[in-house]
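Before any comments, here is the structure.
Indexing begins at 1, ligand by ligand and atom by atom, following the structure's order.
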Amino acid sequence: MKKQRLLVIGGGSTYTLGMVMSLIEEKKNFPLKSITFYDTNAERQESIAKATEVILREKYPELEEFNYTTNKAEAYQNVDFAFVQIRTGGLEMREKDEQIPLKYGAVGQETCGPGGMAYGLRSIGDMIEIINELRQYSPDAWILNYTNPAAIVAEALRREFPNDHKILNICDMPAAIMVSYAKILGKEIWDLVPEYFGLNHFGWFTNIYDKDGQSVMEDIKSAILNDGFLPEDSEIVNDPSWIKTFKQVETMLRDFPDYLPNTYLQYYLYPSQMVEKEDQNNTRARQVINGREKRVITQCETIIREQSTENAHLEVDIHGCYMIRVAASLAYNRHDTFIVIVENNGIISNLQDDAMVEVPAALTSQGPKPFAVGEIPTFQKGLIEGQLAYEKLVVDGWYEKDYNKLLQALTLNRTVVDAPRARQILDELIISNQRYWPAFKTKQLV
Ligand code: G6P
Ligand code: MN
């Protein structure tokens with residue numbers, strides 16, 4: 001097996017230590033020659049990298065090279081795989097994205113509704129720049145992108161790089177949900193094969209099979225209806241916010257029993273409830289700053305001080321493992337099935353071809369080979385088409401610098417609906433994103 005040279009863009013992310021642990025766990029499936037971290041924030045990356053050096057010395061002595069840098073030219077050379085996980089504006093801007101819509105009674109969420117739009121309009125430019133520059137140095141590298149909001153980023157990259165077939169957008173949410181299904185069934189996630197359709201953070205499992213090809217869908221549904229549903233992945237198992245989110249799956253299943261929903265549908269199907277339970281002074285961003293971020297900082301300090309991982313409580317998580325297994329299937333032509341984001345082109349036969357959809361695909365060295373979904377029912381189709389129009393309008397708005405497109409997008413979005421409210425939120429987001437967004441023009445009325 002050829003050993004891979006891996007570049008992690010966003011080395012200073014709070015997810016990086018979990019990724020490193022996952023690379024160690026998966027070293028047989030995805031053997032590495034080198035790991036390089038790249039970040040624009042030297043300080044943030046340095047403590048993660050210094051801790052990573054200790055972890056790798058202990059647990060991955062056969063790795064030939066580990067580097068970290070803020071120099072693009074150094075980082076972008078000789079890459080086989082680039083994992084991209086950037087957050088333009090950081091958690092500080094995430095907090096604003098969540099607080100501003102809430103002020104006007106709309107859902108305040110990282111990737112859904114106005115917050116997702118705001119984050120998308122910050123991410124697009126940076127993502128395009130990263131890919132253009134990476135391609136100058138490593139034209140053949142696989143680029144696996146986790147950067148959010150994945151739906152909007154994927155649509156922008158589809159338009160910007162129509163002929164680049166080695167960019168793949170992925171989200172770990174379906175996998176994190178499948179970890180809970182696996183737990184219910186007493187199996188491992190890798191033993192389950194999903195049937196799924198939708199957009200990113202906006203989809204449904206229509207079936208789940210075990211290794212023998214038997215459907216286990218009814219077992220999962222009845223377990224959820226009888227016993228509820230909880231997160232099981234190590235990263236979220238004890239997190240009160242994720243526990244609440246997973247519990248909502250039972251409600252969604254009672255109201256709409258045909259399929260098993262992605263957890264993110266709660267924001268679109270129960271927006272009023274979601275707004276009611278939020279506290280503007282302690283939105284998810286604040287919880288992450290006080291929770292995961294502090295935990296990772298402490299872990300790094302402990303590891304660096306003790307030059308050992310013994311007291312750091314490091315864990316493997318699905319976020320990392322999923323990305324790595326995806327990479328392995330692409331690298332070694334394994335044809336394993338993963339849920340990924342690809343251009344529709346008839347996969348969902350009653351949806352436009354140029355939609356970026358989230359569906360299962362066999363991942364080969366030639367890229368994803370998605371499985372046909374066929375026609376989807378009216379309810380899901382209606383929801384998807386509204387959401388898709390919102391996503392497309394956001395990306396149109398970015399390319400055309402068009403305020404009115406953004407106003408249309410937010411008015412269409414199920415988390416906003418009301419045009420005056422859409423305008424108020426948009427105007428406040430423009431102010432808070434001045435440093436990151438292009439200047440948007442409004443239509444001149446005569
Ligand atoms: C899941 C989603 C990601 C999202 C993350 C937020 O993993 O798939 O797209 O960024 O949750 O989690 P957090 O704990 O930061 O709210
Ligand atoms: Mn996601």
Ring centre gap for Tyr196 and Trp204 strictly below 6.0 Å | no
Residue, atom and distance of the protein heavy atom nearest atom 15 (O) of ligand 1 read Arg94 NH1, 2.9 Å
To the nearest 0.1 Å, how far is atom 12 (O) of ligand 1 from its closest protein heavy atom, and which atom is that?
-> Trp242 CZ2, 3.5 Å
Looking only at protein heavy atoms, identify the closest one to atom 6 (C) of ligand 1 and say how far it is in Å.
-> Glu110 OE1, 3.4 Å
Enumerate the atoms of ligand 1 whose separation from the nearest heavy atom of Val288 is less than 4.0 angstrom.
-> 15 (O)
Enumerate the protein N/O/S atoms at a distance below 2.8 Å from the Mn ion (ligand 2), ignoring waters.
-> Cys171 SG, His201 NE2
Would you please indicate if the ring centroids of Phe202 and Tyr268 are separated by under 6.0 Å?
-> yes
Looking at Tyr322, Tyr119, Tyr264, the heavy atom closest to atom 4 (C) of ligand 1 belongs to Tyr264
Assess Ala176 for proximity to ligand 1: is some non-hydrogen atom of it under 4.0 Å away?
-> no
Report the nearest protein non-hydrogen atom to atom 14 (O) of ligand 1: residue, atom name, distance rounded to 0.1 Å.
-> Arg292 NH2, 2.5 Å
Between Met252 and Leu265, does a side-chain contact (heavy atoms from CB on, under 4.5 Å) hold up when you go through it step by step?
-> CA-CA 8 Å; Met252 288 197 264; Leu265 285 166; 3.9 Å; yes
Which residue owns the protein heavy atom closest to atom 9 (O) of ligand 1, what's the atom, and how far is it?
-> Asn148 ND2, 2.7 Å
Side-chain heavy-atom pair Glu358, Pro174 within 4.5 angstrom cut-off = yes
Atom of Asn433, atom of Ala118 and distance for their closest heavy-atom approach = ND2-CB, 3.9 Å
Could you tell me if any non-hydrogen atom of Glu235 lies under 4.0 Å from any atom of ligand 1?
-> no
Arg284 neighbourhood, listing ligand 1 atoms whose heavy-atom distance to it stays under 4.0 Å = 13 (P), 14 (O), 16 (O)
With a cut-off of 4.0 Å, which atoms of ligand 1 are near a heavy atom of Tyr15?
-> 5 (C), 12 (O), 15 (O)
Contacting atoms of ligand 1, where contact means under 4.0 angstrom from a heavy atom of Cys171 = 8 (O)
For the residue pair Ile170 and Ile339, what are the closest heavy atoms and their distance?
-> CG2-O, 4.0 Å
Under 3.5 Å, is there a donor-acceptor pair between the side chain of Arg254 and the main chain of Leu225?
-> yes
For the residue pair Phe229 and Tyr181, categorise the inter-ring angle as parallel (less than 30°), tilted (30 to 60°) or perpendicular (more than 60°).
-> tilted
Would you say Tyr60's side chain and Leu32's backbone share a donor-acceptor pair under 3.5 angstrom?
-> yes
Does Lys72 pair with Glu129 as a salt bridge, N-O distance under 4.0 Å?
-> yes
For atom 1 (C) of ligand 1, which candidate among Asp172, Asn262, Ile236 holds the nearest heavy atom?
-> Asp172
Whether Glu315 side chain and Gly18 backbone form a donor-acceptor pair below 3.5 Å | no
Pro101 to Gly115 - nearest heavy-atom pair and separation | CG-N, 4.2 Å
